Every structure is written in C-alpha cells, then in structure tokens.
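Accompanying notes for the structure given below.
On a predicted model such as this, the values are computed, not experimentally measured, just so you know.
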2 protein chains.
Amino acid sequence: MEPSGHLAEALRRAGYKLTAPRKAIVQVLEQEGKHLSSNEVLVLGRRIYPLLSRATVYRTLELLTNLGLIRPILLNDTAQRYVNGEGGHHHLVCSVCGAVFEFERCGIDRLAAELAERFDFRIRSHLLEFYGICRTCQTHA
Amino acid sequence: MEPSGHLAEALRRAGYKLTAPRKAIVQVLEQEGKHLSSNEVLVLGRRIYPLLSRATVYRTLELLTNLGLIRPILLNDTAQRYVNGEGGHHHLVCSVCGAVFEFERCGIDRLAAELAERFDFRIRSHLLEFYGICRTCQTHA
DNA sequence: TCATGTATTGAGACAATTTCTCATTTGGGT
DNA sequence: ACCCAAATGAGAAATTGTCTCAATACATGA
C-alpha cells in the first residue's frame, strides 16, 4: 500500500500511541495492498497479533481514515473496504457480474486544483469509477 | 430520479413481471430523488404497498442494479445507498467530518469514450469523488 | 529503570444491515 | 378463466458495525 512503516510513523507523528494491535493492523494494510475489508484486516491481523479484537480494527480504520491515510471504498460488496488515502483509484465496475477493471491515468489534476481552490478543500485522493456492463456480460445478454 | 414510469417500463421491457411491490419500489425511487437506503425504500414503499417486505426491496434493488438503472453508492453511512444509474455523480468528501459537497461538470466524457473502447465496456454512469479535508476541519486542526 | 496517568484495548452484548428459505401468491400469456 | 413460472412475505440466520466498561499497556517524566 505504501512504503513500509509509513502509516505507523504517521500515527506516531499525529500523537497516537503505537500499540501492538495498531502495529499489526498497519502492517496488514501496508503488506496486503488493496481493497481490504475490515473483516479481512481482522483475520490477517490476528496472524500477527492473535488477541486483536474486532472493535480495535474498526477504531483504527476510522482513525486512519480521519487522518486521510486510508479511505473507504464501495466495491460490489456489502462490506466497507479501504484503500490508500493518497493518490487516485480508477475503476470500471460491471453492474451485472461485479467485475472490477482498473486503469491508470485519468487526467483530472486540473479539475482537482480548480475544486480545491473553489471549495477551499485540501484534496488527498480521488476515486473515479465508471459503472456499466463488461464485455462478457454484454454477450451473455 | 427520472421521468415517471421510466423504471417500470424498463423492467417490463426486460421481461420482468410488473408486480405491485415492484411498482411501489420503483415509484419511490422515481419520486424521492436521491441517495435512498434500502430501509428508506422499504419505509416509503410501505406507504404505497403496506405488505412490502424487506426481502423484496433488496431483490428489486439488485435487479435494477443489474439492469444498470440504479447504482449503489457509499455515502458516509454504513448503509448501502442507491442513485440513478445514468449520468455522473461528483462529490468532495471530507474524511474528518464526512461532509459531502457536490459539483457539476467534470469533463471526463472523452476519457469515458476512450475507456469504453479500450475495455469494450458499455458505460452507463460514473462517480468522481475527491477525498480530503474541508475548510471547517482544516481550521479546527 | 521505574512509577504514573491516560489512551487504548478486549470481550461480548447489542444494533443495524443483508441474505436466505420455503410455503404461498400472483402476473400475464394462453 | 386457467396455468405455471416468477415473485413474494415472513422470519430465521448471517454478516457487518457499534458500544460499554473493566483491565491493560504505552509514553512521559522522575
């Protein structure tokens, strides 16, 4: 997800204690890359710190979200998922089968700058999703 | 949400039965505009068709989603919400307080066309969200 | 190094949301 | 009007998220 230690360091710098549960959660987020649900974070985190509780996972994910380090995302699941809070995420999502295709390069930097100014908003990341029907589901219809 | 009768007509055309529960749900979606959760659809729908069951709401929302007529969206809630399946939705979301600002005009039509061709994907709608810190939360920090 | 105060945690109850099952009903073509 | 597959309601069950509170552990200063 990010250079190792990045999240832990940011937590510490923001004045939060670097506890064992938090280290485990942060390590999972940094290692496992993408689109983790809170339950996945719990399960993976318990491999590192077996006592890890569900509540702490939710608490820490909320904390990291408020700090802008991760952000929630909806991904054809009912479960909340989280991705890196910086930079962009670009998806094509099939509304029939739920398949997700990713792409790079969206060219909205100019728009971002304009909005940041207009709304006096400090932009950290963006999500651009196109919703529609994938090739496979088009032919099966 | 759309010209009246639009959703009902689309259901019928797709070969689904136009039952009383479905009529109620569809009427709610068309009247109430934006960001309805499944529970809101249930409550409002029961004003029209009191027997309406929770399961049917979920089933119908999934059906409409698969047809591309509505799409799920994440909106600082834990509940799934649904919006019109066509066109674009553009938000600035504050990661601290959850405030959502909307804006029009995103200028990504060209990108959409390019991706549709590249992935052979039939695009029906898009979501563009910027994530960051709003003016108020910047000053409170 | 150690004691201290506070932030943090775990456990589990609780609440909200979503899914599933199955007997019953109903829309719409014949 | 009849028929039957599609659709429904009711409620159980599963999943996801929230809350409380006593116990614990981090980080600071001595």
d([atom1], [X]; [atom2], [N]) in whole Å:
X	N	atom1	atom2	value
Leu36(B)	dT18(C)	CG	P	13 Å
Leu42(A)	dT18(D)	CG	P	14 Å
Tyr16(B)	dA6(D)	OH	C1'	11 Å
Gln80(A)	dT16(D)	CD	P	12 Å
Lys23(B)	dG27(C)	NZ	C1'	9 Å
Leu61(A)	dT16(D)	CG	P	14 Å
Leu74(A)	dT16(D)	CG	C1'	14 Å
Leu11(A)	dA27(D)	CG	P	11 Å

- Task: Could you label the plane-to-plane angle of the Phe130(A) and Phe103(A) rings as parallel, tilted or perpendicular, counting under 30° as parallel and over 60° as perpendicular?
- Result: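 Judged by the thresholds at 30° and 60°, the geometry between Phe130(A) and Phe103(A) is tilted.
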- Task: Describe, in one word, how the ring planes of Phe121(B) and Phe101(A) are oriented to each other, choosing from parallel (under 30°), tilted (30 to 60°) and perpendicular (over 60°).
- Result: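 Plane angle over 60°, so perpendicular.
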- Message: Can you see if the side chain of Thr56(B) gets near the phosphate of dG9(D) - specifically, an N or O under 4.0 Å from OP1 or OP2?
- Response: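 Thr56(B) to dG9(D) OP1/OP2: side-chain N or O found under 4.0 Å.
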- Hey, does the side chain of Arg22(A) come within less than 4.0 Å of dT9(C)'s phosphate (OP1/OP2), counting only N and O?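 Checking Arg22(A) against dT9(C): at least one side-chain N or O falls below 4.0 Å of OP1 or OP2.
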From C-beta outward on [X], which listed nucleotide comes closest to its side chain: [options]?
X	options	answer
Leu51(A)	dG9(D), dT18(C), dA11(C)	dA11(C)
Pro21(A)	dT18(C), dA5(D), dT9(C)	dT9(C)
Thr19(B)	dG28(C), dT8(D), dT18(C)	dT8(D)
Tyr58(A)	dA7(D), dT18(D), dT6(C)	dT18(D)
Ala55(B)	dA11(C), dT18(C), dG11(D)	dG11(D)
Ser53(B)	dA10(D), dG10(C), dG28(C)	dA10(D)

- Do the side chain of Arg59(B) and the base of dG9(D) come within less than 3.5 angstrom through a donor-acceptor pair of N or O atoms?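 Such a pair is found, so the answer is yes.
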- Query: How long is the span from the CD1 atom in Ile133(A) to the CG atom in Leu92(A), to the nearest 0.5 Å?
  - Reply: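 Nearest 0.5 Å value for the CD1-CG distance: 13.0 Å.
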- Message: Quick check for you: to the nearest 0.5 Å, what is the distance between Ile70(A) atom CD1 and Ser95(B) atom OG?
- Response: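 The distance works out to 10.5 Å.
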- Between Tyr58(B) and Ser38(B), a side-chain donor and acceptor under 3.5 Å: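 There is such a pair (donor and acceptor under 3.5 Å, judged by atom type) between the side chains of Tyr58(B) and Ser38(B).
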- Relative to the 5' end of DNA chain C, which residue comes earlier, Leu52(A) or Asp77(B), by the nucleotide with the nearest heavy atom?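 Between the two, 5'-proximity favours Leu52(A).
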- Under 4.0 angstrom, heavy atoms only, what part of the nucleic acid is Ser38(B) near: base, sugar-phosphate, or nothing?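 Sugar-phosphate contact only - Ser38(B) comes under 4.0 Å of backbone atoms but never of a base.
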- 5' priority, DNA chain D, between Gly15(B) and Arg46(B) [closest heavy atom]: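 So the residue in question is Gly15(B).
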